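Following: one structure in structure tokens, then a few remarks.
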Amino acid sequence: MPTPTAVADVELNPAQRRVVGHGDGPLLVVAGAGTGKTNTLAARVAALLTRGVSPERILLLTFTRRAAAEMLQRAGRLADPASSRRVWGGTFHAMGHRLLRVHGAALGLDPGFSVLDQSDAADLMGLVRSEQAASTHTRFPRQDTLLAIYSRVANTQRPLRDVLTDAFPWCATDAATLAAIFGEYVERKRAQELLDFDDLLLFWARAAADPCVGERLAGLFDHVLVDEYQDTNTVQAEIVQAMARRAAGVMAVGDDAQAIYGFRAATVRNILDFPAVHPGAAVITLEENYRSTPSVLAVANAVMAEAPERHDKQLWSRRPDRHRPCLVHCADETTQASAVCDTVLAHHQEGVRLQDQAVLFRAAHHSDLLEVELGRRKVPFVKYGGLRFLESSHIKDLLALLRILDNVYDELAWFRTLRLADGVGPATARRLLASLGVRPRADAGSTSADRLRHVMAQTPRSARAELGALAEALAACGDEAHVEPREQIAQLRRALDPIVRRSYHRPDARLHDFEELEHLAAAYRSRGQLVAELVLDPPAGTGDLAGPPLLDEDYLVLSTVHSAKGGEWDAVHLLHAADGMFPSDLATGRPEEIEEERRLFYVAVTRARDHLHIYFPLRYYHRRSGLDDAHHYAQLTRFLPDAARDLFDTRHAGLASPEPPVAPGTVRVGVGAEVSRALQDLWR
DNA sequence: TAGTCCGAGTTTTTT
DNA sequence: ACTCGGACTA
């Protein structure tokens with residue numbers, strides 16, 4: 001019997017071969033973690049290409065750009081690299097964007113629309129919010145909450161009132177005001193030709209359902225393949241159904257045990273209902289795990305065994321067992337950070353590259369202390385998840401200028417740009433918008449540079465030099481046909497230089513980011529393409545672009561569990577396995593939320609090939625710094641029940657005795673707090 | 001316009 | 001415990 005240790009490019013097990021060899025017609029693949037899903041999907045694409053399906057008639061929808069690129073690269077190795085590159089592959093949002101640029105006009109969409117990222121959308125929501133009188137009362141939801149509610153309505157396609165009672169009960173009394181704000185928000189986007197992330201899906205779904213445009217769209221593809229189907233939402237399922245209605249084949253791959261995007265309105269119903277929605281669908285289950293050792297899988301299975309809703313898959317592996325998973329009890333967070341460093345470096349000594357190890361955690365800030373410690377010990381690392389490159393304010397400044405060039409009526413971009421200048425705040429900026437002919441619209445045909453020069457006299461004297469420089473830079477970028485995107489960035493960067501130096505604390509790192517952006521821009525043919533792709537597929541990593549200069553160097557991977565989806569490493573270090581951190585105590589309100597946290601924990605565990613280390617800090621300080629040492633003792637995560645703990649070796653870091661000095665959960669207040677309370681009592 | 005002070009609500013994960 | 005928004009002042 002052939003026993004593949006890893007799924008080699010040509011070596012597939014019988015179930016995988018059935019997937020690859022499946023003819024036309026709908027197909028659902030239920031693929032447990034580590035069962036060779038990526039290879040199988042890649043082999044299927046390769047098989048389609050070999051069968052003579054033309055690459056541009058294949059649509060491959062994945063969760064991230066990276067996943068699509070990797071699958072197509074593997075498919076290229078199996079079939080023909082040149083043709084695999086012509087396959088339509090990417091995220092729902094990126095593919096929607098691409099299709100809408102070409103076919104959106106038929107829906108009345110201006111082909112020059114701009115795409116708002118999450119924080120732009122929130123800003124626009126905030127603008128509308130501030131204009132609504134009723135929104136001033138206390139407890140009125142903030143702009144981010146407003147966007148979250150709006151987005152949930154859009155993605156679930158359920159009435160506002162239901163969404164409020166279900167997910168945002170504390171906002172239910174404001175339903176009428178919310179409806180008014182959302183109405184204005186939608187109107188504002190329409191007037192300024194802006195599409196937010198949700199719109200990319202909604203317009204695509206609308207277009208695909210349209211009797212005329214929809215036929216044309218559906219006619220573009222013979223095969224539709226969707227990865228991570230358990231994390232799609234209602235609108236995405238509608239898109240798949242509509243796009244596949246003329247296709248020879250539609251295939252969805254997913255694992256209900258790995259559904260972790262409920263907060264983004266993803267619904268497991270999609271994968272469960274696939275056979276009903278696509279009649280005659282074949283269902284193939286992949287259960288043999290090629291990634292992890294049996295003892296890692298035992299932990300994963302034990303975690304899921306506690307789920308009230310049964311997932312009737314048991315992962316198994318033929319791999320030999322070598323190391324038992326390790327549960328590390330740490331005195332506190334600081335000890336955890338150094339214990340992780342120690343273990344990472346010990347593995348490194350044994351020959352496991354840093355790149356083959358990952359540190360995973362629930363929330364982006366959970367790695368803060370570790371990052372300091374890694375820096376101190378000079379261990380190179382890259383972090384995924386959390387604050388993105390694009391969200392740093394200097395990058396948004398530069399992007400705002402690009403967006404003005406692209407869409408001269410983009411109110412938000414103007415608002416941001418104007419305030420860059422010394423002496424221009426919200427009040428002046430708002431006044432200038434009218435003179436610029438942006439809101440209300442005027443002077444059709446006049447360029448951004450002209451408009452800016454025209455209002456110069458109305459700006460404070462202190463702002464004129466900087467605004468003048470910006471206007472010149474905008475003018476220099478104006479001729480899209482002759483000025484390369486890279487040169488445009490160079491121009492804008494020069495004008496921003498003094499502003500960045502004046503307004504940011506450590507300007508050099510930020511100016512360096514501009515340089516990186518300039519290099520990045522060389523890969524794009526047009527400014528519009530650059531801006532859109534940057535928004536839809538921002539560079540990962542933090543601070544600087546952890547790009548080419550690091551490539552030859554070995555580095556440790558730090559990642560949120562969400563961002564680690566689809567990844568695998570020889571050694572996985574999972575931080576903060578304490579109740580309150582994982583599961584996050586923000587997500588323990590409703591049973592569904594806890595179940596999603598459990599699946600998230602399962603995803604984290606199943607990323608490990610050979611070594612699994614789970615760290616549990618016993619003591620959490622309430623204040624990071626300060627004189628008093630108020631802290632509490634944590635409890636081990638509820639996802640590791642007693643039965644599961646027998647699967648681990650136990651280690652202790654920074655602890656004289658393995659037991660906590662007081663019962664878990666008790667709060668002790670340190671000396672400093674007692675002193676200050678005594679002082680308080682003096683004048684009470 | 002921008003800085004300071006005060007009070008109150010909120011907290012995470014991502015395209 | 002921290003951040004955001006509003007009010008008030010220079």
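Every heavy atom of this structure was used, including side-chain atoms; hydrogens, water molecules and symmetry mates were not. None of these values were measured; they are calculated from a predicted model. Quick note on labels: first sequence line is chain A, next is B, and so on, each numbered from 1.
- The closest side-chain donor-acceptor pair between A:His576 and A:Tyr615, if any, does not fall under 3.5 angstrom.
- For A:Ser584 and A:Gln118, each mapped to the nucleotide of DNA chain B holding its nearest heavy atom, the one lying further toward the 5' end belongs to A:Ser584.
- B:dT1 atom P lies 7 Å from atom CZ of A:Arg431, rounded to whole Å.
- If you find the closest nucleotide of DNA chain B to A:Ala94 and to A:Pro460, the one lying nearer the 5' end belongs to A:Pro460.
- Put simply, CZ on A:Phe582 is 16 Å from P on B:dT12, counting in whole angstrom units.
- Here B:dT15 presents its P atom at 16 Å from CH2 of A:Trp204, a figure rounded to the nearest Å.
- Atom CD of A:Glu593 and atom P of B:dT13 are 15 Å apart (whole Å).
- Put simply, the side chain of A:Arg142 and the base of B:dT10 share no donor and acceptor less than 3.5 Å apart.
- A donor-acceptor contact under 3.5 angstrom links the side chains of A:Asp198 and A:Ser151, judged on distance only.
- A:Tyr185 and A:Asp196 form a side-chain donor-acceptor contact under 3.5 Å, judged by distance and modelled atom types alone.
- Comparing C:dC4 with B:dT13, their C1' atoms sit 22 Å apart, to the nearest whole Å.
- Ranking B:dT14, B:dT15, B:dT11 by closeness to the A:Tyr261 side chain, first place goes to B:dT14.
- Note on A:Thr64: every side-chain N or O is 4.0 Å or more away from OP1 and OP2 of B:dT15.
- Side-chain contact of A:Asn407 with A:Gln192: a donor-acceptor pair under 3.5 Å is absent, judged by distance alone.
- Of all nucleotides listed (B:dT15, B:dT11, B:dT12), B:dT12 comes nearest to the side chain of A:Arg362.
- Ranking B:dT1, B:dT15, B:dT13 by closeness to the A:Thr428 side chain, first place goes to B:dT1.
- Stacking annotation: A:Phe92 is not stacked on the base of B:dT15 (requires ring centroids less than 5.5 angstrom apart and an interplanar angle below 30 degrees).
- Two residues are said to be in side-chain contact when any heavy atoms from C-beta on lie closer than 4.5 Å; A:Trp88 and A:Arg98 meet this criterion.
- Between the CD atom of A:Glu533 and the C1' atom of B:dT15 there is a distance of 14 Å, given to the nearest Å.
- B:dT12 atom C1' lies 21 Å from atom OH of A:Tyr384, rounded to whole Å.
- A:Phe263 places its CZ atom 9 Å from the P atom of B:dT13, with the value rounded to the nearest Å.
- Nearest to the side chain of A:Thr560, among B:dT15, B:dT11, B:dT14, sits B:dT14.
- Between A:Arg129 atom CZ and C:dC4 atom P the separation is 12 Å, expressed in whole Å.
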